[in-house]
Amino acid sequence: MPVIPLISQEEIQQKVQELGQKITQDYQGKELDVVGVLKGCFLFMADLIRHIQLPLTCDFIRVSSYGDQKVSSGVVRFDFDVTQPITNKHVLLVEDIIDTGLTINYLLQNFQTRNPASLKVCSLLHKPENTRKKVQIDYLGFTIPNKFVIGYGLDFAGKYRNLPYVGILEEDAEP
Ligand code: PRP
């Protein structure tokens, strides 16, 4: 498989534990509504919430902008929404990666109009070199170079999400 390992399973698990502990401290005495951005978030969020020692609910939204391509189309498509209102809730949006920032910027604007009690962002990965919309990432796992990454929930044309680590897909790889 033409994948160059970038972040090991052990490094991910260590970081996820740290993020969970930090979130637990920051939200003491509060209830959290953890909202994952599908599909890429599903492994990270499953691991993260097991390190958050707070009463919490989980919900999911589905947006996409890449299709089967390696480069963002620039158009965020809203496929489905949360199942419960977020009004007056402490909402934590969970992303696998913030790349151009277009997706999370769109979601923050959209969610803010629904008047949550608070709204923060947790992302496993950030690719700052590719930023088109700058957003504050409240909880960040790793800053990565401007390479196409896959694994631990991240895909190329739907595949590779099941890798337990994050790797760089070689330039000429086919889906
Ligand atoms: C990925 C990722 C983020 C978004 C980040 O989703 O999960 O939601 O792209 O990119 P951006 O910062 O450039 O907007 P994708 O559209 O690939 O859908 P998926 O999560 O279902 O793979």
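Whatever order the structure lists ligands and atoms in, that order sets their numbers, starting from 1. Keep in mind the model is a prediction, meaning the values are calculated, not measured.
Separating the OG atom in S123 from the CZ atom in F142 is a distance of 11.0 Å, to the nearest 0.5 Å. The distance from atom CG of D155 to atom CG of D96, rounded to the nearest 0.5 Å, is 8.5 Å. From D59, atom CG reaches atom OG1 of T83 across 3.5 Å, with rounding to the nearest 0.5 Å.
Between the side chains of T100 and N130, no donor-acceptor pair is found at a separation under 3.5 Å. Of the N and O atoms on the side chains of Q13 and Q9, not one donor lies less than 3.5 Å from an acceptor on the other residue.
Using a 4.0 angstrom heavy-atom cutoff, R161 counts as in contact with ligand 1.
The D155 neighbourhood of ligand 1 comprises atoms 22 (O), with distances under 4.0 Å to a heavy atom of that residue. Taking a cut-off of under 4.0 Å to the non-hydrogen atoms of I98, the atoms of ligand 1 that pass are 12 (O). The atoms of ligand 1 that sit less than 4.0 Å from any heavy atom of E95 are 2 (C), 3 (C), 7 (O), 8 (O). Per-residue contacts place L38 under 4.0 angstrom from the following atoms of ligand 1 (heavy atoms of the residue considered): 20 (O), 21 (O). Close approach to T100 involves these atoms of ligand 1, each under 4.0 Å from a residue heavy atom: 11 (P), 12 (O), 13 (O), 14 (O).
Proximity of R62 to ligand 1, defined as any heavy-atom pair under 4.0 Å, is confined to the side chain (atoms from C-beta onward). Residue-level proximity to ligand 1 for D96 is carried by the side chain, the only part with a heavy atom below 4.0 angstrom.
At least one N or O atom of G101, backbone or side chain, sits closer than 3.5 Å to an N or O atom of ligand 1. Any N or O atom pair closer than 3.5 Å counts here, and G40 shares at least one such pair with ligand 1.
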Exercise. Show your working on side chain to side chain donor-acceptor pair (under 3.5 Å) between Q14 and E18 and close with a plain yes or no.
Key: CA-CA 6 Å; Q14 175 63 34; E18 288 169 21; 3.0 Å; yes
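When each of I98, L140, V135 is paired with V121, the side chain to side chain contact (heavy atoms under 4.5 Å, CB included) condition holds for I98 and for no other.
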